[in-house]
Amino acid sequence: MNWNRRDVLKGLGGIPILGAVWWAGAHHAVAKNRKRSEILQQLNIQPSLPSTVQKLTGEPVRVGIIGFGIRGEQLCRSLGFATPEWMEEMRLAAEEDPKHSALKDYLNQEKLNVQLVAVCDVFDYRAEKAVAAFTSDQNKVKRYANYLEMLDSGDVDAVIIATPDHWHAPMAIDALNRNIHAYVEKPMTHTIEETYRLKEAAEKSKAVLMVGHQHRQTLSFQTAQDIIEKGVLGHVSLIQTNTNRNDDNGAWNYDIHESASEQTIDWEQFLGSAPKVPFNKNHFFRWRKWWSYGSGLSGDLLTHDYDRLNCVLNMGIPNSVMASGGIYTHNDGRNVPDVLQANMEFSDFSTGSSQIPGKEKGMTFVYSATLGNGFSRPTILMGHDGTMELGNRLTIWPDGRSTKYAEMLENEKMNPRVPIYQYDPGASVPDAVSSATSQYFADKGLMWTYINGARVDSTFLHLREWLSATRNGGKVSCGIQEGFDEAIAAHMTGVSYKLGRRIEWDREQQKIVPIEGIDFDQVLLDNNEVWKPQMPELAES
Amino acid sequence: MLLLRISFIACSELIKTTEMTNTKGLWQIRHTVVLLRILIGWHFLYEGVIKVYNPDWTSFGYLATAQGPLKPFFLTLTQDPFLGIADSLNCIALIVVGLTLITGIFERIGAMVGVLLLAMYYLAHPSFPWLQQVNVEGSYWFVNKNLIELVACILLYQFPTGQYFGLSSIWKKKNKLTEKEAI
């Protein structure tokens, strides 16, 4: 057989093309990987691993729930107690959308060694619902008419407080004074005065206090701590964090239950220390809209954002706060603002510097909120060397004028438009969130975290850490110090909004710098939309 | 550079072959088909090689955002253990299509695998007007580039050209005598 040059080239002509394409593909991919690992090596970020928690051994912890409303039900689920109604609702949701995994996640949740033995709710329907849902052969649930009866019964080791804000501190203090462990929802307190009383009670008590900022369990925030410590961003001078909601649920206009009446609700007990007003369903179900029971954007939602950043930066209480806003989107009788901007100054704070010592110091934390627009504005930390977007995912971009990355930028190994680091622990999990409000919390990393690619409810982790500390000791991630910072920062913002003045913190004295003739707590609790100055000298100023 | 030089010589040779074997015109349909075959092979091979050399590559994002009637099927693929299998199969299939179409041997098998792959890509993100198009760079109404490439693969299946340009031609020359006898 004769093979001429043409035959060979016709037969094997494809081989060099094959070689060229293969070489180009491999070269491109390998070069990209090399560039990436060079950057990662320089950044040296260690993604956090989930912390290990000592198991709850021995007799089950006997838990009582105070307040079985929306949040109370969620907390019970995280504890391992879901109502049959919710399970059915989630089963139907999963039938409709296979990505809806709430029920599956709940059933896969680790079982905690707890018993839910007591419930206290001033609304009969809710208390009875809890008793009916959670009573079984292994678990007897008793309803108490009053939280003090529950605390004095000797039947509970720990309580979860998920009531309106004005009940948080009184209940937590009474529990801690009896050495009963307390998990209290945010904001930790409703007034400045009770913040100090709760601090004293927590420090004296043998019991463990946990404040319900569950996002402290989110792995991306723990990784963000490492990023800040390694100086990846350089000196952070500005933080922007936001609330963007545009739905009834997000604006606290919750459903009013059909069976609600003066006969089914213990109105006097609900009011507690709040001004005596006639029975009002709107106030009962939508209490977050009035200063008497709630704390508006500053206590309700700013606290999430403030504590998220305090968890990452540990910056403490701001030197000063200036806030402004108004009721611009839901003029429905509420007296808390629905648009709020707060500027917190941390003039002595620094996350480290890549420039000459002393050049950079101080940071402003800007919180910007509206309940009239749902456009998602991310949380951004702006440093001299880089910018970080913080949520369940983390993304870092180098700054075009960075000192630290100047060489890499010049060699085009980095580009200000291309992220140098991305952390997305949930990348292999498809999510479906049910409502606009849940999406808001999910994006911020407030609802769940990801462990080994599986979605884990961060409230479950937070409760588990608290319960473990009640048995095994150890520090909790959101104890009295973190709660104190959160409550004072929120109250300073509330007071500043109401007075339209700068409110300052005295770090030495550990108290808010007084303004002559003004009782800050009176200002906070005042129910007028705009604080009316009562002192003549203030009116003049 | 050497590889490119060899490719250039090979292409010149292909044109010369055309000139010599074709008395009706310089460029015949089969030559266009050879070119189409090599370009499609090139496209598939490059996609496959890029994925093989990137240890972090996964089809998760593509599958998780799937739309259309087969959405549940593609979502199932995003779960363990299917995702790993889908990723590996995709890489292997891309490279098989690339190798067979470029080298011109077993090209009909390659073309069929290509049709299957493209059908999957099309169905995962069909260009139906009632679906929101995500991550697409053009405007499409039912027909998109995947569908066109799919039909081109059918053509390659029906019109094998490996015996004109490709490893099959060596096989063909070896069996020339036998073929003649058969005719």
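Chain naming here is simple, since letters A, B, ... match the order of the sequence lines and numbering starts at 1 in each.
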Please say whether more than 12 non-hydrogen atoms of neighbouring residues, nucleotides or ligands are located less than 6.0 Å from [atom1] in [X].
X: Phe142(B); atom1: CZ; value: yes
X: Gln225(A); atom1: CD; value: yes
X: Tyr121(B); atom1: OH; value: yes
X: Glu110(A); atom1: CD; value: yes
X: Glu95(A); atom1: CD; value: yes
X: Lys230(A); atom1: NZ; value: yes

- Message: Can you tell me which portion of Leu63(B) sits under 4.5 Å from chain A's heavy atoms? Options are side chain, backbone, both or neither.
- Response: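 Looking at Leu63(B), nothing touches chain A.
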Among residues 101-117 of chain B, residues within the sub-4.5 Å heavy-atom range of chain A, in order of number, are Ile102(B), Thr103(B)
Worksheet item: Could you state the interatomic distance from NE2 (His28(A)) to CD1 (Ile50(B)), rounded to the nearest 0.5 Å?
Response: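 Here the rounded value is 4.5 Å.
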Here the gap from Leu12(A) atom CG to Ile170(B) atom CD1, rounded to the nearest 0.5 Å, amounts to 4.0 Å
**Prompt:** How are the rings of Tyr53(B) and Trp22(A) set to each other: parallel, tilted or perpendicular (split at 30° and 60°)?
**Reply:** perpendicular
Flag the pair Leu45(B) / Leu18(A) as yes when at least one side-chain heavy-atom distance between them is below 4.5 Å, and no otherwise.
-> yes
Worksheet item: Do you know the tightest heavy-atom contact between Gly11(A) and Ser169(B)?
Response: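 In this case the closest contact between Gly11(A) and Ser169(B) is CA-OG, 3.3 Å.
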Next item on the list: Considering non-hydrogen atoms only, spot the tightest contact between Lys10(A) and Tyr164(B) and give its length.
Entry: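 In this case the closest contact between Lys10(A) and Tyr164(B) is CE-O, 2.9 Å.
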